[in-house]
Amino acid sequence: MRRLDIALGLVLAILAAAFPFLVNAYWLHVMIIGMMSAIMAASWALLAGYAGQFSFGHMAFVAIGGYTAALLATDAGLPLPLGMLAGVIASAVFGGIIGWTCLRMSGPYLAIFTMAFSEVLRIVIVTEVEVTGGAGGITVPQLFHAQTDFPYYYLILALLIVSVGGMMLVVASRWGLFFRAIRENEQAAAAAGVKVTRFRIIAFAIASSLAGLAGAFYAPYIGILTPDVASQDQMGLVVAMAIVGGMESLPGAVAGAIAVEFLVEALRSYGQWRLVLFGALLLFTMRFARNGLITPGWLRLRGLVGLGAARLAREAAD
Amino acid sequence: MLDYILIQAANGLVIGVLFALIATGLTIIFSILKIVNFAHGEIYMMGGYFGYYVITLLGVPPFPAVLVAMAITFLFSVGLERGLLTPLYSPRIERKADYGILITFGLSVFLRNIAIILFGPFPLRPPSFIEGDLIIGGLIISYDRLVAAGGGILLLGALIYFLNRTVWGQALNAVSQSRESASIVGINSERMYMLAFGLGGALAGGAGALIAPIYSLSPSMGLVPDTQAFVIVILGGLGSVSGTIIAALLLGLSENLFIALLPDPSRGPSYANAFGLFIMMLVLLVRPTGIFGRQHVAME
C-alpha cells in the first residue's frame, strides 16, 4: 500500500513538472487557476474541516491579500514581491484578529459573523472608488515579463506544494490533534489541557494567511483585481471544491479544487448552468456523501488496486 | 430636508415591516429545527417570482396572488425540507449544526443561480397593487408601499394569533422548548419540522410577493435581505418573534435615516447595508443571545 502511494506520488510529481509542455496555453491557465483555488479550498478545509470553524469570510482574506499587494505595488511603488509578502502578512494579522474577535462564537454565529465581515469589506472596496478603483477594479503590474505563463505555473506549483505540505505537517503534528479536539468539543478539549483560545486564533491565522497568499498571487497573474473575489458566489465555489474533495482531507480538497476548476472550464459553453451544477453537486455531496466524492473514491480505488496486486502476487507465488 | 427625513422614516417603517416578515420566518425555522437557514433570502426571492407568475400567467389579481404565492412557497419549502433536511433528525449524523450550515448555504447558491436560468437575469416587475401616491403635506408615499406595509402587518398579526392561540402554534412552541418532552405528550415532531420550515418559507415568500411592485424582482434580490434578516434575528434574539418584529422596525428605520443623514450622499445607499451588518457584528460581539433573546433557544 505504502509503495503504491510513493509510486503514485512520483508519477504525479513528474506529471506536474512536465504539465506546461503537455497542454496548450488555455489549459495551462485553467491549471494555474485550479492550483490557486486549491490553496483557497485546502486552507478553508483546514479551518472548517479540521478546526471546525465554519467561516464564510474566507474570500475576504483573499481580497485582503490581493488588494494589499496591488495597492502597495501601484500606489506606494513597492516592488511587487514585497507587496505580495505584505499581503500575506496582512491576511495573517487580520485573520488572527477575526479569530480573536469571534472566540465567543461558534457554529452558525461564527458563520454569520464572518459572512458579514466579508460583505462589509466587499461593500467598502466597492464604495471607496478613489483608493480601490471600486467595482471596476484595480490594474496590477505583471510579476514576470515572459511570453508564456510558464513562470506563473511553476511559482503556483511551488506555493501549492509548500502551503499544502506545511498544512499537512501541522495537521499531523500535535497541533492537528488540538484542532480536531476543539472541533469535537471545546469544553472537553479545554479540560484536557488544550489552549483553545490560542489554537483557534492560530487556525484562523494560518488559514487566512494562505488565503491571502492565493489572493496576492491572483492579483498580478490576472492583472486586474475586482471586489468580486470576495463575493458569496466565489465563496460557494470554494466550499463546493473542499466538500467535493472531502473536507477532512487536505489532498482531497486540492484534488476537489482542480477537478471542479476543470469542470467549470469544460462546461463554459453552458454558461449559467455551471454554478447551478455546482450548487447541485454541493447539495448532493452533503446529502448523500458527507465525506466528499474524491477521498472515498480514491480510497476505494486504492483498495481495489491493492487487492489486485495482492492477488497477482499470490498467483505468482502459486 | 425635514420632509426628506420624514419620507425616509416612512419608507423605513414600510421596509421594517417586510424585514419583520422575512426575519420571523428565519427565527421560527431556527427555534424549531435549530438551524440557521442560509437560503432564506433565496426563498424570499422565489416567493416574489411565484407571485409574479401567478399574476402574469394565471391572471390572478395582485391581492389574492400574494396568498397563492405564499401557499406555493409553503409547499416548495416543505419539499426542500423533506429532500434535504431529514438527516438533521436522524441520530446517525454527527455535528448537525455544521450540516445545517453547509446544506442551506449550498441551497442558496443553487437557487440563486437556477433563478437566473428560469426567470432570466433582468429585473421583472409585476403590476402595482394600487397605482399612484398618497400625499399628505410634504410626505409622499406610494400606495404600493402602504399596501405592502398593511399586508405585512396583517400577516404578522395572523402569525402571532397562530403561534399563541392555536393548538398548532402551541405544539410548535413545545417542540422549540424541548423535543423530548414534546414527543412524550404526543406531538409528532417530524410534522412540526415540516410545518415550521414551510411556515418560515411562506412568510419570506409573502414578503417577496409584497415587495415585488416596489423594488423589481431579480435573482440576486435575496442576498441583502438574507444578511438583513440575520441582523434582525440576532438583534431581536434568535427564537423570539416579538423581539424580531421590534428589531426589524428599528433596523428599517435606522437604515433609511442613516441614508438620509450621511453627509456624503453618493456613499449613503451602498453603506446602508454595511451599516446593518456592522451593527449585527457589534451585537454578536457584545451580547450573542441578542437583545430580546430567549435563553432556552440556544444552539445545541
Side-chain angles (χ1 to χ4, degrees), chain A residues 48-49 52 54 56 98 101-124 126-129 134-135 183-184 231-237 239-240 242-243 247 270-288 290, chain B residues 30 34-38 83-87 93-118 121 219-220 223-224 226-227 230-231 233-234 238 264 266-267 269-281 284-285 288 299-300:
Chain A
F54 278 82
F56 285 143
I98 288 293
T101 0
C102 43
L103 277 175
R104 283 172 71 193
M105 302 165 210
S106 59
Y109 292 94
L110 181 91
I112 294 169
F113 184 89
T114 48
M115 192 186 242
F117 168 70
S118 179
E119 273 298 292
V120 168
L121 185 80
R122 196 183 61 81
I123 292 170
V124 169
V126 170
T127 314
E128 296 301 329
V129 181
R183 175 188 76 194
E184 291 301 329
S231 74
Q232 285 302 309
D233 273 346
Q234 285 299 320
M235 188 69 236
L237 206 56
V239 171
I243 285 177
M247 248 180 28
Y270 293 91
Q272 271 303 330
W273 278 103
R274 291 177 304 149
L275 271 168
V276 176
L277 195 78
F278 292 117
L281 192 64
L282 181 58
L283 287 178
F284 174 84
T285 316
M286 275 311 288
R287 178 70 181 79
F288 298 108
R290 261 170 299 280
Chain B
F30 175 80
K34 309 286 186 224
I35 60 162
V36 173
N37 181 12
F38 281 86
L84 297 173
L85 298 180
T86 43
I93 297 233
E94 291 175 22
R95 300 207 294 277
K96 293 195 170 75
D98 297 356
Y99 178 78
I101 294 171
L102 287 175
I103 199 98
T104 56
F105 182 75
L107 184 62
S108 78
V109 176
F110 177 75
L111 287 178
R112 196 157 59 233
N113 287 290
I114 203 157
I116 298 179
I117 293 168
L118 292 179
S220 60
L223 268 174
V224 169
D226 213 7
T227 40
F230 292 143
V231 180
V233 163
I234 284 164
L238 283 161
D264 185 350
S266 62
R267 289 184 178 152
S270 87
Y271 273 139
N273 293 329
F275 171 75
L277 292 172
F278 193 68
I279 291 195
M280 175 186 76
M281 288 165 78
L284 270 179
L285 283 177
M299 283 308 297
E300 287 181 335

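From a predicted model like this one, the values you see are computed outputs, not experimental measurements. All heavy atoms count here, side chains included; hydrogens, waters and symmetry mates do not. Per chain, numbering begins at 1; letters A, B, ... match sequence-line order.
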J.: Does any heavy atom of chain B fall under 4.5 Å from the side chain of L103(A), the backbone, both, or neither of them?
T.: neither
J.: Are V36(B) and F30(B) close enough, and set up right, to give a side-chain contact (heavy atoms from CB on, under 4.5 Å), and what steps lead you there?
T.: CA-CA 6 Å; V36(B) 173; F30(B) 175 80; 3.9 Å; yes
J.: V120(A) versus chain B, heavy atoms under 4.5 Å apart: side chain, backbone, both or neither?
T.: both
J.: Between I101(B) and F38(B), is the side-chain contact (heavy atoms from CB on, under 4.5 Å) condition met? List the steps.
T.: CA-CA 7 Å; I101(B) 294 171; F38(B) 281 86; 3.9 Å; yes
J.: Of all of T86(B), I116(B), T104(B), which one pairs up most often with chain A through heavy atoms under 4.5 Å apart?
T.: I116(B)
J.: Which of the residues I123(A), L282(A), L121(A) is involved in the greatest number of heavy-atom pairs with chain B at under 4.5 angstrom?
T.: I123(A)
J.: Under a 3.5 Å distance rule, please check whether R122(A) uses its side chain to pair with a backbone N or O of Q232(A) as donor and acceptor.
T.: no
J.: With side-chain contact (heavy atoms from CB on, under 4.5 Å) as the criterion, how do L237(A) and F278(A) come out once you've worked through the C-alpha distance, each side chain's angles and the decisive distance to 0.1 Å?
T.: CA-CA 7 Å; L237(A) 206 56; F278(A) 292 117; 4.0 Å; yes
J.: Side chain, backbone, both or neither: which part of F113(A) has an atom under 4.5 Å from a heavy atom of chain B?
T.: both
J.: When you measure from the side chain of T114(A) to the backbone of L110(A), do you find a donor-acceptor pair of N or O atoms at a distance under 3.5 Å?
T.: yes
J.: For F54(A) together with F105(B), are the ring centres under 6.0 Å from each other?
T.: no
J.: Need one label for M115(A): side chain, backbone, both or neither, based on atoms under 4.5 Å from any heavy atom in chain B.
T.: side chain
J.: For V124(A), is it the side chain, the backbone, both or neither that has a heavy atom under 4.5 Å from a heavy atom of chain B?
T.: both
J.: Where does F117(A) contact chain B at under 4.5 Å (heavy atoms): side chain, backbone, both or neither?
T.: both
J.: Side-chain contact, heavy-atom cut-off 4.5 Å: M247(A) with L102(B)?
T.: yes
J.: Given a strict heavy-atom distance threshold of 4.5 Å, which part of Y99(B) is in contact with chain A: side chain, backbone, both, or neither?
T.: both
J.: Quick check on the interface: out of L85(B), V109(B), L84(B), who has the most heavy-atom pairs with chain A under 4.5 Å?
T.: L84(B)
